[in-house]
Amino acid sequence: MPNNKITELFNIQYPIIQAGMVWASGWKLASAVSNAGGLGIIGAGSMYPEILKEHIEKCTKATDKPFAVNVPLLYPDIDKIMEIIIQEKVEIVFTSAGNPKTWTKHLQEHGVKVVHVVSGVKFALKSQEAGVDAVVAEGFEAGGHNGRDETTTFTLIPMVKEKITIPLIAAGGIATGRGMLAAMVLGADAVQVGSRFVATPEASSHQNFKEMVVKAQEGDTKLTLKELAPVRLLKNKFFEDVQKLYAENPSKERLIELLGRARAKKGMFEGDLEEGELEIGQISGLIHEIKPAAEIVKEMMHEFEAAKKEVSNL
Ligand SMILES: Cc1cc2nc3c(=O)[nH]c(=O)nc-3n(C[C@H](O)[C@H](O)[C@H](O)COP(=O)(O)O)c2cc1C
């Protein structure tokens, strides 16, 4: 496909970005996607600084193509994480869950391209003002932590596109070439794909979780815990426990107590499908098979080109 704003910005072949995901996207997944012509992202959100350093070094050895690191800005050791990113000469950083003003300039002064993830028009504008190189607009369908306004990808992308001039990446509910074409027709320059890449051999998530993602059907996920940080996850025993607690009109403290520590690790990394938190998007209902990341990229591009021809007959 011809170059566009995003392929040029990141120097990649295809406008497919593999989302940074806690407990899923380490160096193996990121380098596989980058080698396949997309942009792979290491998810720093579940890594201690020294672990992140190791992943960056391994990724650099596994690919000579560009890759990125995703940093949720509420991370406790943020200074150390940013120091490592600069030291290791990471070229692209995707920030999320925080104020884009805090780190953008500093990273850019060190030659890093910065993309910020938002879930609404107001924050897209704030990101543009902060000088980011591109924005990811993530809709209500998406797996993992999400916005409070429940704006779907289908409505969010054209609304953000109307207001910003910098490159726009669509996320939430995209797992196929058709979905990618739809997002680009709505105004996106590229897509960020999360859930689909969880069901790959290269994802570091537990096999039990991957198999549950493949079995998931329409209606099996829900956005919950809005009082803390809204998160879309699979309905399992932990989810039912949260629902039971809601029936008692709980304080925020009681919700925090139920969530406890390391729920996400327990579910997605250790494979405890009952007690763990299993973050995944609505599009899991369309994911039927665990398959290599490179195959996903190839199939998406193939379907994208075929669908483009098909719609020209409409
Ligand atoms: C298992 C999982 C973990 C995630 N972790 C993060 C994260 O650490 N940082 C982040 O910015 N987004 C995170 N997300 C959101 C993704 O980056 C991405 O925007 C989202 O998955 C896109 O929607 P989709 O799941 O429908 O493809 C996560 C999503 C999933 C499914």
Side-chain angles (χ1 to χ4, degrees), residues 16-26 29-30 33 38-47 52 55 68-75 78 81 92-98 100 114-119 123 127 134-147 151-154 156-157 168-176 179-180 182-183 188 190-200 203-206 209-210 212-213 216 218 220-223 229-234 263-269 271 276-287 293 296 300:
I16 298 176
I17 294 153
Q18 162 256 309
M21 295 179 285
V22 285
W23 306 114
S25 64
L29 181 57
V33 172
L39 181 74
I41 305 188
I42 297 173
S46 49
M47 296 178 183
L52 173 65
H55 278 261
V69 173
N70 166 252
V71 187
L73 294 175
L74 38 73
Y75 192 95
I78 195 88
I81 289 281
I92 309 159
V93 166
F94 280 49
T95 53
S96 56
V114 181
V115 181
H116 193 65
V117 184
V118 301
S119 56
F123 289 105
S127 305
V135 157
V136 175
E138 188 198 62
F140 174 67
E141 302 91 324
H145 292 280
N146 207 314
T151 312
T152 61
T153 305
F154 206 88
L156 180 64
I157 300 309
L168 170 60
I169 301 161
I174 303 158
T176 62
M180 177 178 163
V191 293
Q192 172 170 285
V193 175
S195 297
R196 175 60 273 198
F197 284 112
V198 170
T200 58
S204 58
S205 332
H206 197 282
F209 175 45
K210 294 181 191 178
M212 194 162 169
V213 171
E218 188 246 318
D220 284 352
T221 74
K222 184 98 178 163
L223 189 79
V231 61
R232 179 172 297 285
L233 38 72
L234 281 166
R263 275 277 180 191
K265 182 180 185 191
K266 194 189 259 286
M268 296 187 281
F269 195 65
E277 185 187 279
L278 306 171
E279 299 177 15
I280 209 75
Q282 288 185 335
I283 202 69
S284 53
L286 200 63
I287 300 170
I296 293 171
M300 278 186 75

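Atoms within a ligand are numbered from 1 in the order they appear, just like the ligands themselves.
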Report summary line: Ranking Gly194, Gly20, Ala44, Ala175 by closest non-hydrogen atom to atom 14 (N) of ligand 1, top hit is Gly20
Requested in this report: Report the member of Glu141, His145, Glu138 with the shortest heavy-atom distance to atom 19 (O) of ligand 1.
Outcome: Glu138
In the protein, which heavy atom is nearest to [atom], and how far is it?
| atom | answer |
| --- | --- |
| atom 9 (N) of ligand 1 | Asn70 OD1, 2.8 Å |
| atom 26 (O) of ligand 1 | Gly173 N, 2.7 Å |
| atom 1 (C) of ligand 1 | Glu279 O, 3.3 Å |

Query - Under the ring-ring contact (aromatic ring centres under 6.0 Å, His included) test, residues paired with Phe123 that sit two or more places apart - result: none
When you measure from the side chain of [X] to the backbone N and O of [Y], does any donor-acceptor pair fall under 3.5 Å?
| X | Y | answer |
| --- | --- | --- |
| Arg263 | Lys266 | no |
| Lys265 | Glu277 | no |
| Ser204 | Ala24 | yes |

Atoms of ligand 1 less than 4.0 Å from [X] heavy atoms?
| X | result |
| --- | --- |
| Ser96 | 9 (N), 10 (C), 11 (O) |
| Met268 | 1 (C) |
| Gly172 | 22 (C), 23 (O), 26 (O) |
| Ala19 | 16 (C), 17 (O), 18 (C) |

Query raised in the report: Within less than 4.0 angstrom of ligand 1, does Ala142 place any heavy atom?
Result: yes
Query raised in the report: For Gln282 and Thr221, does a side-chain donor sit closer than 3.5 Å to a side-chain acceptor?
Result: no
